[in-house]
Q: 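Below are the structure tokens for one structure; questions will follow.
Convention: sequence-line order gives letters A, B, ...; per-chain numbering from 1.
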Protein chains: 2
Amino acid sequence: MTTLRDVARHAGVSIGSVSTVLNNTAPVSPALKAKVLKAVEELGYVPDAVARSLKTGRSRTIGLIVPDITNPHFSAVASAIEIACDASGYALLLCNTTDSPAKELRDLHLMRRQRVDGVILVPSGSGEAYVAELKRAATMPVVLIDRTLEGFDADAVVLDNRAASYGIVDYLVRAGHRRIGIVAGPTSMSIAEERLAGYRQALEEHAIDYIEDLVARGAYQPEPDYRATASLLARRPRPTAIVSTSNHTMIGVMKALADQGFRCPEDMSVASIDDVVWATAFSPKMTVMAQPIVEMTELAASRLFGRLAGTMTGPGTVLVAQPALKVRDSTRPLTG
Amino acid sequence: MTTLRDVARHAGVSIGSVSTVLNNTAPVSPALKAKVLKAVEELGYVPDAVARSLKTGRSRTIGLIVPDITNPHFSAVASAIEIACDASGYALLLCNTTDSPAKELRDLHLMRRQRVDGVILVPSGSGEAYVAELKRAATMPVVLIDRTLEGFDADAVVLDNRAASYGIVDYLVRAGHRRIGIVAGPTSMSIAEERLAGYRQALEEHAIDYIEDLVARGAYQPEPDYRATASLLARRPRPTAIVSTSNHTMIGVMKALADQGFRCPEDMSVASIDDVVWATAFSPKMTVMAQPIVEMTELAASRLFGRLAGTMTGPGTVLVAQPALKVRDSTRPLTG
DNA sequence: AGACATCACTGAAACGTTTCGGAAGGGCTC
DNA sequence: GAGCCCTTCCGAAACGTTTCAGTGATGTCT
């Protein structure tokens, strides 16, 4: 590995001079610059970011912690973050928590050891103890995506979850549906509760009874949500529409429908939160409430970079993004 | 930030002793150990991986460079790599090339600057100049996934691409199909050519003419592959089956079919390389040739870690994984 | 009891940068 | 031509670790 010292020697100048021309941190004579650049070229010198980080105290690296990179929602986040990092000259450290708060804490410690300048976090835990631990571990600037955390002061970019499910239910009711089931997320997740609240609110505003029986609890994962859907299909009278509250849920719902011989939308209307590429590839094309996930992520990234640059200070603020309904073929009007 | 020095002072021992305790790199008295651990606990000390890396010359970080993290195939790779890293105490640096060889080279330089110990690479370029540049940039151990590179000596884990498409075509022919179209990848990609070769070989072995007209070129992306499919559907006589050569292609194919009013499998049989969660969620459930992507990735990771540990030496070897056919509902026998 | 290993720990050098006080030299003012 | 200010470059300290030669103290063997 060739170092600054090698370059300096080869160019016949001091180490400090090489550093200043490489970072152009001070005016230098054209002659010096030429000599140094030539030496760099000839030796194929590549700066050592590790040494640089040690000296400067900043690593020009940020961390991204997501629950499941395999979920298209989060891989979209990762993609957008990577683009932002590339544009700002940052490197990106990725961690996948598999929805485990314990792993998330471990990851946060890893980030801390690695001296990342900041992290983008999609938290997967909840509760006071968890937040307390998070606070201890997160010594660097953090911006949250998707979920906020009670008692944790940080910037956050979230969806208007209530509006998302509200919008779906409102649409379904206007289309004539009265018995509307929902496959909700676990009670431990704030977004699941918000989405359920939106469902409930829409029913109320349309003067439709909220029926406990029509709420099935899933886990935002295909298998559990498949089972949740099955239980929903067993209700009598059967719902005429089902709202799915995530893209993974959508998979479980559609599988359950198909396996039990229900046609969509003829026998059952389905609408889901989350839009994905494959939502329009198959039959039926899914009616969805799309999250502006890329925009949300870009916002989060610029937020974080603002913090790092010091142009953004003060307590964390939360940005709420609005979802957009895309009516396609998986829902149909109910007549009579 | 509390340092080793702080801990040493607080415990009343030398810096070196703290280091040896923390890394237990030499036997120490229980008393010393206790004192140090206590001080660490009280100060909430977290080791600085940056300084450690500088001193040791290894960063305990590996890089992952993929063409598109948004593609479920690559997000599965990322997930598996992350698990392997976690298990081995490595951090993971992620880069997304968006299929651009230029970006890939930039990423490789980033990795080099960051002093990653090794990288897992899914190369997106081809050609002599590209390989030459790659060689200059890749000074650390590299293991390739999905694609090998002519003239680039590295470990690699690849699919038996020929067998994948061969298997699909063979199955279709045995089911009675004779006019089988294919949406292939770009000619610049070796895997695309291999998959096409498997298609061709299967036809030959069944004594079916290879017809240029039935080969449409896509780009392993939904939009271009949608158009490629459309062109295929315009052929006369029309093919009775289409083989899709990637999961993104599958999306394009199914969209095109739906948009033009073709039912699958009644009007057209479709089978694709790549299995994905949503392949069984909708109608029809897709017949696919599944890649053992997680196993392949695990193999690649252990390969890399073996190189890093020095337990694996010598020239690179390439492992070839076998795909598995999963017959589902998107293909049907052709009678008469 | 003296010589000598063994053991536990200390102290300082080194990793490759950045940064800053300071030296050398040139040009300007008076 | 003396003094001064810029401009340009040099040299060394420092960042937080690891590592290793070295120092005492303790135990062992003859």
Side-chain angles (χ1 to χ4, degrees), chain A residues 1-40 43-61 89 91 110 112-117 139-140, chain B residues 1-40 43-61 89 91 110 112-117 139-140:
Chain A
M1 197 90 302
T2 119
T3 83
L4 221 41
R5 184 208 312 281
D6 302 323
V7 176
R9 190 155 34 210
H10 191 261
V13 302
S14 79
I15 294 182
S17 296
V18 178
S19 177
T20 60
V21 345
L22 256 33
N23 304 317
N24 56 353
T25 163
V28 294
S29 72
L32 210 216
K33 187 166 186 172
K35 272 192 296 187
V36 168
L37 261 27
K38 181 157 164 287
V40 165
L43 297 181
Y45 168 75
V46 174
D48 186 329
V50 170
R52 179 180 229 277
S53 297
L54 175 60
K55 183 58 193 173
T56 62
R58 286 166 312 117
S59 60
R60 289 200 80 76
T61 293
L110 172 67
R112 194 166 157 201
R113 275 205 309 279
Q114 297 288 339
R115 296 297 189 263
V116 301
D117 294 337
T139 54
M140 69 292 284
Chain B
M1 197 90 300
T2 121
T3 84
L4 221 40
R5 185 209 312 281
D6 302 322
V7 176
R9 192 156 29 208
H10 192 262
V13 302
S14 79
I15 293 182
S17 296
V18 179
S19 178
T20 60
V21 169
L22 258 31
N23 305 316
N24 57 353
T25 164
V28 294
S29 73
L32 209 217
K33 187 164 188 174
K35 272 191 296 187
V36 168
L37 261 28
K38 181 158 163 287
V40 165
L43 297 181
Y45 168 76
V46 175
D48 186 330
V50 170
R52 180 179 227 278
S53 297
L54 174 60
K55 183 59 193 175
T56 62
R58 285 165 315 115
S59 60
R60 287 199 83 75
T61 293
L110 172 67
R112 194 165 157 202
R113 276 205 309 281
Q114 296 289 341
R115 297 297 191 263
V116 300
D117 294 336
T139 53
M140 69 293 284

Q: By the 4.0 Å heavy-atom rule, please label Val50(A) as base, sugar-phosphate, or nothing.
A: nothing
Q: Quick one: label Ser17(B) by what it contacts on the DNA or RNA (base, sugar-phosphate, nothing), any heavy atom closer than 4.0 Å.
A: base
Q: Give Ser29(B) one of three labels, base, sugar-phosphate or nothing, depending on what nucleic acid heavy atoms sit under 4.0 Å from its own.
A: sugar-phosphate
Q: What is the distance from atom CG of Asn24(A) to atom OG of Ser19(A), rounded to the nearest 0.5 Å?
A: 10.5 Å
Q: To the closest 0.5 Å, what do you measure between CE (Met140(A)) and OG1 (Thr61(A))?
A: 11.5 Å
Q: Could you give the distance from CG (Leu22(A)) to NZ (Lys33(A)), rounded to the nearest 0.5 Å?
A: 10.0 Å
Q: Hey, where on DNA chain C does chain B first and last touch, going 5' to 3'? Cut-off is any atom under 4.0 Å from a heavy atom.
A: dA8(C) to dG16(C)
Q: Do you know which of Val13(A), Leu37(A), Val7(A) makes side-chain contact (heavy atoms from CB on, under 4.5 Å) with Val21(A)?
A: Leu37(A)
Q: Using whole Å, report how far CZ of Arg5(B) lies from C1' of dT18(D).
A: 15 Å
Q: Looking at every strand, decide which applies to Thr56(B) at a 4.0 Å heavy-atom threshold: base, sugar-phosphate, or nothing.
A: sugar-phosphate
Q: By the 4.0 Å heavy-atom rule, please label Leu32(B) as base, sugar-phosphate, or nothing.
A: sugar-phosphate
Q: Closest heavy-atom contact between Tyr45(B) and Thr2(B)?
A: CD1-O, 3.2 Å
Q: Using a 3.5 Å distance criterion without hydrogens, assess whether the side chain of Ser59(B) forms a donor-acceptor pair with backbone atoms of Arg115(B).
A: yes
Q: Met1(A) or Thr25(A): which one's nearest nucleotide on DNA chain C is closer to the 5' end?
A: Met1(A)
Q: Select from Val13(A) and Ile15(B) the residue whose nearest nucleotide in DNA chain D is closer to the 5' end of that strand.
A: Val13(A)
